[in-house]
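Order of listing sets the numbers, starting from 1, for every ligand and every atom in it.
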Amino acid sequence: MANQSIPEKFIYGGDYNPEQWLDYPDILDRDIELMKKARINAVTLGVFSWSVLEPEEGEFHFEWLEEIVERLYENGIRTILATPSGARPRWLAEKYPEVLRVNQNRGRNLYGDRHNHCYTSPVYREKVWTINQKLAETFKDHPAVIMWHISNEYGGDCHCPLCQEAFRKWLESRYQNIDALNHAWWTAFWSHTYNSFLQVESPSPIGDDGLHGLNLDWMRFVTAQTTDFMCHEIQALRETGACQPVTANFMEDFTGLDYYEMAKHLDIVSWDSYPMWHRREYIQTAYKTGMQHDLMRSLKQKPFLMMESCPSGVNWQDVSSLKKPGILTNSCLHAIAHGANSAQFFQIRQSRGGFEKFHGAVIDHYGKEDTRVFREVAETGKILESLAKITNSRVEASVAVLCDMESRWAMENARGPRNKGLFYHDAVLKSYQAFRKSGLNVDVINVEQPLERYKVIAVPMLYMFRAGIEEKLEDFVKNGGTLVMTYWSGIVDETDLCYLGGTPHGLMDVLGLRSQEIDGLADGEVNHLLPAGENVLHLKDSYVCSHLCDLVQLRGARALMTYGDNFYKGYPALTVHEYGKGLAYYICADAENRFYDDLYQAIITRQHIHPILDAIPEGIEVSSRNGETCEYVFIQNFTNAPIPVAIPDGAKILAGDYAGTVQGYSTVIFQR
Ligand code: GAL
């Protein structure tokens, strides 16, 4: 049983790689002193240490790790200990080539890089099991070790014979007989009928890559197999009696795995946050990154960790710009505002050689504290320490955006109205940021999660209905909820077969309409949404839309806006339908951001949902965490100029300079 206690202070630290510095004892000493000055209270050790921990097969050297864990602990710094499976030693690949990945073209990779291993290989599983157990036996009772960090950024797939066999077995247990698979994948199309499971091969550009059911099930299998491997890693630890919580670090908008599925097996979700702050307006990046924080929090409806972030410039972008002064602090507090219980960096000390030698770090090659970055890290550490009392607070949201990975896989794989991009992530972000601009905390959930706790649910482009989502949404509306669904929803079932009898499947009565046809618009081509008739939301502007336009037939719903151009000029473009005690809106086209902002603001006003702050100026983000007796409100300025923001009388400032304004790139936190 995992010990899941939430730390009494925010975890502050990051990845530290002392194995690269074992010949430099003075550096290790100095690092500890510097970490203390920066108020770092935890480091992640061992992420890529396998070749130092086990330099030859069966020859283990843990003394250096024990020593550093101990010394850090003596200095008040705890350890998050990683299992080293993210990169294997050379000897392992040389002796057991089966551990190396096979690509889609069926070629086996050479040794090299990282994350280059087969999750099915019994040899790889055995070697990982052994080293994980040895680590757990050594550290399970060490008070310094507060958590296990399982592997690193799981991802990728392998097409080796072992994986093919595992895929066939997985399919057999899913479909039981080949006729069921043939029906689900609609294999009579192009004469692709299978006679037996033995004929199934994973998708490949030199074989089948256009069979949507196969592609979808392969993605599901890859998640299942990766999850199984992760559980195998966790089991190795647990069997020794290690009971610290386990986490695995996820990535931003990563579509290779279904994180909702993986998160079920973790005690704590964590993710690595590398926003490109300089690429667009900072507030835009704050919304995009905030959505990812909220998704990570929603995976388990629990506080999460920001396991990695860069203190300065990364080294892997085309142009790696520095973080401007204030952004480091603001982005750490941004994670906390959205429900994280940590702010961690990659990396504490910059490596001297290798691929990441110019990646930003808390301690750079100069090695001292009088650097701009170190000063801001230390300043942030001080702020986080002062916030210790709010660690047990949590984010609560009354609205949610539904974002489902299986549906996304199916939709983006299908050949349909727009093969040049459907802009799913953007569609989710448009609803999300409209909620945020209205001053609300937002959950980002998938179709399996409960809906009852929300007042409004946005459902953008939910192409696939599965897990009874149509019934859940019907109940939600019937019981008084507000649903906002968009075009290209409820098109296929969970095996990717198109619904017969009209779409959005199962919700035509709830929405009061039927989608008849969908028009794909070329790049640069637009249509317009114009206010129509008696508009209960008082939307008076017209808006541009692009990419996709759904042509619906009303069956009880009212049109609030209509199309302005093309042969479907005058057709409904935004509709509303009263159903049971609730309301169901339908957005027919991919409208510009401004439309979403106005629409959600009007819906929130109409539903009397209270924002965290009444007036939120442009460039400001507000979030809140609820404690037992009070609420902590974060006001974050993501522009470089001071912005006036009104806060309630009697509010107690916990952090930041506030004199009617919030300074550029800074945060004010108050309690009420
Ligand atoms: C992460 C990875 C780290 C480091 C970092 C650099 O994706 O987990 O090990 O490579 O990127 O930004």
Checklist entry - Regarding Arg101 and the six-membered ring of Tyr119, is the cationic atom NZ or CZ under 6.0 Å from the ring centre and inside 45° of its axis? => result yes
Item to check | Side-chain (His365) to main-chain (Ser351) donor-acceptor, under 3.5 angstrom | outcome: yes
Checklist entry - Just which atoms of ligand 1 are under 4.0 Å from any heavy atom in Asp272? => result 8 (O)
Checklist entry - Is the backbone of Ser85 close enough, under 3.5 Å, to the side chain of Lys127 for a donor and an acceptor to pair up by distance? => result no
Checklist entry - Does the distance from a Lys or Arg side-chain N to an Asp or Glu carboxylate O, for Arg71 and Asp29, drop under 4.0 Å? => result yes
Checklist entry - Which atoms of ligand 1 are found less than 4.0 Å from any heavy atom of Glu153? => result 1 (C), 2 (C), 7 (O), 8 (O)
Checklist entry - Between Met251 and ligand 1, which residue portion shows a heavy-atom distance shorter than 4.0 Å: side chain, backbone, both, or neither? => result neither
Next on the checklist: Please determine whether a side-chain nitrogen of the Lys or Arg among Glu252 and Lys288 lies less than 4.0 Å from a carboxylate oxygen of the Asp or Glu.
Outcome noted: yes
Checklist entry - Is Asp15 touching ligand 1 with its side chain, its backbone, both, or neither, if touching means heavy atoms under 4.0 Å apart? => result neither
Next on the checklist: With a 6.0 Å cut-off on the ring centroids, do Trp277 and Phe638 count as close?
Outcome noted: yes
Next on the checklist: Centre-to-centre under 6.0 Å for Phe345 and Tyr16, is that the case here?
Outcome noted: no
Item to check | Contact check: His359 vs ligand 1, nitrogen or oxygen atoms, below 3.5 angstrom | outcome: yes
Checklist entry - Parallel, tilted or perpendicular: which describes the rings of Phe250 and Tyr259, with under 30° parallel and over 60° perpendicular? => result parallel
Checklist entry - What atoms of ligand 1 come within less than 4.0 Å of a heavy atom belonging to Glu356? => result 4 (C), 5 (C), 6 (C), 10 (O)
Item to check | Protein contact to atom 1 (C) of ligand 1 [nearest heavy atom, distance to 0.1 Å] | outcome: Glu308 OE1, 3.1 Å
Item to check | Interfacing atoms of ligand 1 (cut-off 4.0 Å, heavy-atom, Trp316) | outcome: 6 (C), 12 (O)
Next on the checklist: Taking only non-hydrogen atoms of Phe48, do any sit less than 4.0 angstrom from ligand 1?
Outcome noted: yes
Checklist entry - What residue and heavy atom of the protein are closest to atom 5 (C) of ligand 1, and at what distance? => result Tyr274 OH, 3.4 Å
Checklist outcome for this item: Candidates Arg114, Glu252, Gln347; heavy atom nearest atom 9 (O) of ligand 1 found on Arg114
